[in-house]
Amino acid sequence: MQRADVVDAVVAERDDATLVVSPGASSGLVFARDPHPATIHNMELGYATAVAYGIALGRPDRRVIALEGDGSMFAGIQVLGTLARFPVSNLTVVVVANGIWGTGAGNVATTPGSAAQLAEIARACGHPAGRVLVTAEAPELRTILARAKSEAGPWIVCAVTERSSTDRSGARPRVQFDSVEAIDLTRRYLRSK
Amino acid sequence: MGGSAAAIHAGLVAAGIEFCLYLPDSGTGALTELLEADPNITTIVCAREDEGIATAAGLFVAGRRAVVVMECSGLGYAGLILARCRLQRTPVFVLASHGGIIGEPFDYHAAPIAAARGIVDGLHLDNIVLRPGELHDETIRLAFQTVENHRTSMVVFMPLYLDEHRAAR
């Protein structure tokens, strides 16, 4: 599975969920594939899940997705503990787990570990095993994300991906509007619902 | 901050605060106890203060009113997310213990205070220090009014000596 397959699966199963995307390649791909207004791109490293958690807390009637990289997830790993202690049923965290930092030449391994280890950490934090899933197959990822729409979360989904050209800086699509616009579009969209 | 905690809580209620993200601290314990007991305020104990700020930012996006309560050391962790909040005009309201310069009883609070001042000054965040004898409820209500209407973050420092003058009298 490639990063683009993960983005395609998230976009396909998103419907009207609010989406917060970690910095770099995933944000550009989401922007290129899905013009949905309720999208916050390029959230700072380590904070996409925490911001998404806040939106989910504030709007329990709306589904929220955080699309993280494994480097970003590990940078803010403690939020998994908070999320287990104070769970919200409407949040899905999808982690693109390619094992590298998606910057520069895209060839430096992330320090902490594998998707399986990340899943173990999530379970150790208290997330039910049935809501912490690892997959390397795009069709299975879509099936999981479809379940997450109708079955209460929070869901932690680790999507194992191969390294790809979009992992390199300069080789990825870029988001064409700024973070102020993204925030205001998302707020306005949520207010209208 | 025993006596001032009730006034600060009253100010947060008057401001319409719905959520409180916090990490416990001896300097904020009386306040967070009141917040925990308030049925109209949802409290979340976070694992790091910067995580609480990010969650509060999400709550703002969702149209909700939040406060983040912490020891000022937490501001030291939070430079990047506070900078992002400023960039994208997502205001965060922070109540932080210490930060009043005088009246500090231990040397180990010097680094957290220095880090907090560095973040607040470096990011040009609006900030005030509560003083003994002030109308803290009204100060908090008005502070949040500015946060909400200007869409700018603000840090309110709550020094340890806030209530000492009462004991000394």
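Heavy atoms only: backbone and side chains are in, while hydrogens, waters and symmetry mates are out. Within every chain, numbering begins at 1; the chains are lettered A, B, ... in the order of the sequence lines, protein sequences first and strands thereafter.
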Check each atom of A:Asp184 against the heavy atoms of chain B and say whether the ones under 4.5 Å are side chain, backbone, both or neither. side chain
What orientation do B:Phe93 and B:Phe144 show, parallel under 30°, tilted 30 to 60°, or perpendicular over 60°? perpendicular
Give a yes or no on whether B:Leu135 atom CG has more than 12 heavy-atom contacts from other residues, nucleotides or ligands under 6.0 Å away. no
Cut-off 4.5 Å, heavy atoms of chain B, and the answer for A:Leu57 is both
Less than 3.5 Å apart, any donor N or O on the side chain of A:Gln2 or A:Thr161 sitting next to an acceptor on the other? no
In this structure, which one of B:Leu21, B:Val68, B:Leu59 forms a side chain to side chain contact (heavy atoms under 4.5 Å, CB included) with B:Ile44? B:Leu21
With only heavy atoms counted, which part of B:Arg151 is less than 4.5 Å from chain A, the side chain, the backbone, both or neither? side chain
When you compare the side chain of B:Met158 with that of B:Leu95, does any pair of heavy atoms fall below 4.5 Å? yes
Toward chain B, the part of A:Ile40 with a non-hydrogen atom under 4.5 Å: side chain
Please classify the contact of A:Arg85 with chain B as side chain, backbone, both or neither, using a heavy-atom distance under 4.5 Å. side chain
